[in-house]
Structures are given as structure tokens and as C-alpha cells.
Amino acid sequence: MNAFVTRCHWYVKLVRLDKPIGILLLLWPTLVALWFASAGKPDWKLVFIFSVGTVLMRSAGCAVNDFADRDFDKHVKRTAERPLTSGKISGKEALAVAGILALISFALILPLNTLTKQLSVFAVLIAVSYPYFKRFFALPQAYLGIAFGFGIPMAYAAVQNAVPMSAWILLLANVFWSLAYDTEYAMVDRDDDLKIGIRTSAITFGRYDVLAVMLCYGASFSLISVIAHQYGLSSWFYMGMGVAVVFALYHYTLIRERDRMRCFAAFRHNNWLGAAIFAGVALDYALK
């Protein structure tokens, strides 16, 4: 029994259920898309399916990421003790966990339309290929933004059985947001990543990293606001967006000196930024 509990403990660590920030960074854009696509009246079964699916797919992605990075993580201070890297879990176990979680996630969307299922295949391919982009792509965080935001076109597909241009603009907004917060994250590991040859946006942007983060926030906020205006949202949305802008400015105060722990704090605080934008969207629809 103790051995089983210990194993479960390491599986939880593998899929980062003890660190839900990643789940929330996927969830907020997906919920925003559901609210936009349904004019503020989403089917609650869809909200459940996409919320649980977000947890499952993010967890599967973590397992795949750790498998792909198992030889790199041992050289990075923050990741050296992860279950797979430290030998607590084998590579085959990590892939098995990822496969099981992906299958459960696919089972969740079986009642949905064909377009949503087709898009889910692309979502899985993007999520699985992301860890390998760090080997050669100068801005892997942009690719992460696509992986983290693919719930957006899927949400539209589930509601409208179509993916309009507004969905792709929201996905682009998510790419910029991901570039912002994951550059903050990459700033924590920059010294280690330079030693082992991993590509990150923090390295690519170099001394312009802080400026790039703030410009990416600005681009993301602008694109979301364009869609909100298109859908007729007004005061409550802009109040939520105003809070998000204040949070982004707070992040600037954290990252401008490039202190590792303060950069990590800025990354984690993006949960509240995403929540503020979603709250603005949800309240605007609810109080019309």
C-alpha cells in the first residue's frame, strides 16, 4: 500500500497536479473563447468537458515534455529533481501516463461534432511536438502559445461547428500572451539553458527581453480588445482589461532587474491576469 501511495505521489509530480498554474494558463483563454462563441451563454456540459479536458491534456503534455527533456533537465537547477529526471519514474511509465490521459481526454469529446474531434488531433500533435522545438526554434514560446491556445478554435468548433476569423485572432492573442509569461519563465533558467544549448525567447530577445515581454502583453491585450469590440462588449470587459493592464505593469516591476525569483513570481501571477480578462468578459455578458 505504501509503495502504491508513493508511486501515485510521483505520478502527481510528473503531471504537475501539485502546480496548477499551467492548467489555469490554458483554462482562461479556453473559457474566454467559449463565452465569446456562445454570446455569453455556454452549454455547461461544454464548460465541463473543456475544463476537465484542459486538466488532462496539460497533464499529458507535462509527461511528454519531461520525457523529451529528461537528458536536459538534470542540468537545470529548477528541474533536476523531477520524477523522470531523478529516476523515480521510467520513460516508459511517463509515456504510458501521457497516452492514458490523452485517451481519456479524447473520450470526453466523443459526443461533440466531427470538426472538434478533427481539431483535437492537431492539438495533440502540437502538444507532443512542442518539447522538440526547443532544440532548433528561436522562439519556442510562440509555439507553446499555439499549443496552450488550441482550446480556442476547438471551443468555437464545439459551439458553432465552425472556426471563424475571430477564433484565430484570439489564438494569436494567446501566442503573444504566452510569449510574455513564458519569457518571464525562461528568464529564470537563462544561465542553465545557455550552458546546455536550449533555445528560449529569453535568450533570443537578449537585453531586450523586458521590452519584448511588455510589447507582447500590449499586442495580446489589443487583439482581445478588437474581438471584444466586434462582439459588442463594453464597460465590464474594459474594467477587466484595465485590471489586466495593471497586473502587466506590476510584472514589469518584478522582471526589470531580471532577478530569478522575481521573474518566476511574475510568471505565476499571470494566472490572475488571465482571470481578470475572463471575469471582464463573463460579467459583461451576464450584466447586459
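Since the model is a prediction, treat every value here as computed from it, not as a measurement. Hydrogens, waters and symmetry mates play no part in the numbers below; they use all other heavy atoms, side chains included.
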Is a side-chain donor or acceptor of Ser220 paired with a backbone partner of Cys216 at a separation under 3.5 angstrom?
no
Any donor-acceptor pair under 3.5 Å linking the side-chain atoms of Tyr231 with those of Ser166?
yes
Below 4.5 Å, heavy atoms only, C-beta onward: do Glu257 and Arg262 meet side chain to side chain?
no
Is it the case that the ring center of Tyr181 lies less than 6.0 angstrom away from the ring center of His269?
no
For Asn161 and Leu115, indicate whether the former's side chain and the latter's backbone hold a donor-acceptor pair under 3.5 Å.
no
Taking all heavy atoms of Gly206 and all of Arg190, pick out the closest pair and write down the distance.
O-NH1, 3.8 Å
Same apolar cluster (I L V M F W Y, side chains within < 4.5 Å links), Val121/Met154
no
Under the side-chain contact (heavy atoms from CB on, under 4.5 Å) criterion, do Asn65 and Arg16 qualify, and how do the steps go?
CA-CA 11 Å; Asn65 184 80; Arg16 316 271 211 286; 4.1 Å; yes
For Leu26 and Gly22, which heavy atoms make the closest approach, and how far apart are they?
CD1-O, 3.0 Å
Between Pro153 and Ala167, the two heavy atoms sitting closest are CA-CB, 4.4 Å
Determine whether more than 12 heavy atoms belonging to other residues, nucleotides or ligands lie under 6.0 Å from atom CH2 of Trp236.
no
Polar side-chain atom of Lys117 near backbone of Ile109 as donor-acceptor pair, under 3.5 Å
no
Is there a path of hydrophobic side-chain contacts, each under 4.5 Å between heavy atoms of I, L, V, M, F, W or Y residues, that connects Leu119 with Val52?
yes
Rounded distance [0.5 Å steps], OG1 in Thr183 versus CD1 in Ile203:
11.0 Å
Heavy atoms only: give me the nearest Ala60-Leu101 pair and the separation to one decimal.
N-CD1, 3.7 Å
Give, for atom CD1 of Ile152 and atom CH2 of Trp168, the distance between the pair rounded to the nearest 0.5 Å.
10.0 Å
Using 0.5 Å steps for rounding, measure from the CG atom of Leu31 to the CG atom of Leu46.
11.5 Å
Distance in Å, His9 NE2 paired with Lys88 NZ, rounded so as to fall on 0.5 Å steps
9.0 Å
Could you check whether any side-chain N or O of Glu184 sits under 3.5 Å from a backbone N or O of Cys263, counting only pairs where one atom can act as donor and the other as acceptor?
no
Does one side chain, of Ser178 or Tyr143, offer a donor that lies under 3.5 Å from an acceptor on the other?
no
Indicate yes or no: at least one non-hydrogen side-chain atom of Leu170 is less than 4.5 angstrom from one of Leu223.
no
With a 3.5 Å distance limit and no angle check, can you tell me whether Thr116 reaches the backbone of Leu112 through a side-chain donor-acceptor pair?
no
Any chance you could lay out the side-chain contact (heavy atoms from CB on, under 4.5 Å) test for Asp182 and Tyr185, step after step, and finish with the verdict?
CA-CA 5 Å; Asp182 214 52; Tyr185 189 72; 3.7 Å; yes
One should read off an interatomic distance between Leu249 CG and Tyr217 OH, to the nearest 0.5 angstrom, of 10.0 Å
In terms of hydrophobic clustering (I, L, V, M, F, W, Y; side-chain heavy atoms under 4.5 Å; direct or indirect links), are Met214 and Ile224 co-clustered?
yes
In this structure, would Leu34 and Leu56 fall into the same cluster of hydrophobic residues linked by side-chain contacts under 4.5 Å?
yes
Under the criterion side-chain contact (heavy atoms from CB on, under 4.5 Å), I'd like the reasoning laid out for Ser59 against Val55: C-alpha separation, chi angles, the key distance, then a yes or no.
CA-CA 6 Å; Ser59 299; Val55 175; 4.3 Å; yes
Report yes if the side chains of Arg58 and Leu25 come closer than 4.5 Å at any heavy-atom pair, otherwise no.
no
Heavy-atom distance under 4.5 Å between the side chains of Glu93 and Tyr11, does that happen here?
yes
Between Ser225 and Phe237, does a side-chain contact (heavy atoms from CB on, under 4.5 Å) hold up when you go through it step by step?
CA-CA 9 Å; Ser225 297; Phe237 166 76; 3.9 Å; yes
Is the closest side-chain heavy-atom distance between Phe205 and Val210 below 4.5 Å?
no
When rounded to the nearest 0.5 angstrom, what is the spacing between CG in Asp66 and CG in Leu14?
5.5 Å
Check whether any side-chain N or O of Asn270 sits under 3.5 Å from a backbone N or O of Ala266 as a donor-acceptor pair, and report yes or no.
yes
So do Phe148 and Pro29 actually touch side chain to side chain, heavy atoms under 4.5 Å?
no
salt_bridge(Arg256, Asp209) N-O dist < 4.0 Å:
no
Can you tell me if Asp284 uses its side chain to pair, donor with acceptor, with the backbone of Leu233 under 3.5 Å?
no
pair Leu273-Phe221: side-chain heavy atoms closer than 4.5 Å
yes
In this structure, is the centre-to-centre distance between the rings of Phe278 and Trp35 below 6.0 Å?
yes
Within the 4.5 Å heavy-atom criterion, are Leu172 and Ile169 side-chain neighbours or not?
no
Of the non-hydrogen atoms in Ala155 and Ala33, which two are nearest, and what is the gap between them?
CB-CB, 3.9 Å
Of all heavy-atom pairs linking Val159 and Ala37, the shortest is CG1-O, 3.5 Å
Are there over 12 heavy-atom neighbours, none belonging to Arg268, within less than 6.0 Å of that residue's CZ?
no
Quick one: are the ring centres of Trp44 and Phe48 less than 6.0 Å apart?
no
I'd like to know if the side chain of Arg260 and the backbone of Val188 have a donor-acceptor N/O pair within less than 3.5 Å.
yes
Indicate if Trp28 and Trp272 have the same hydrophobic cluster label, given that clusters are the connected sets of ILVMFWY residues with side-chain heavy-atom separations under 4.5 angstrom.
yes
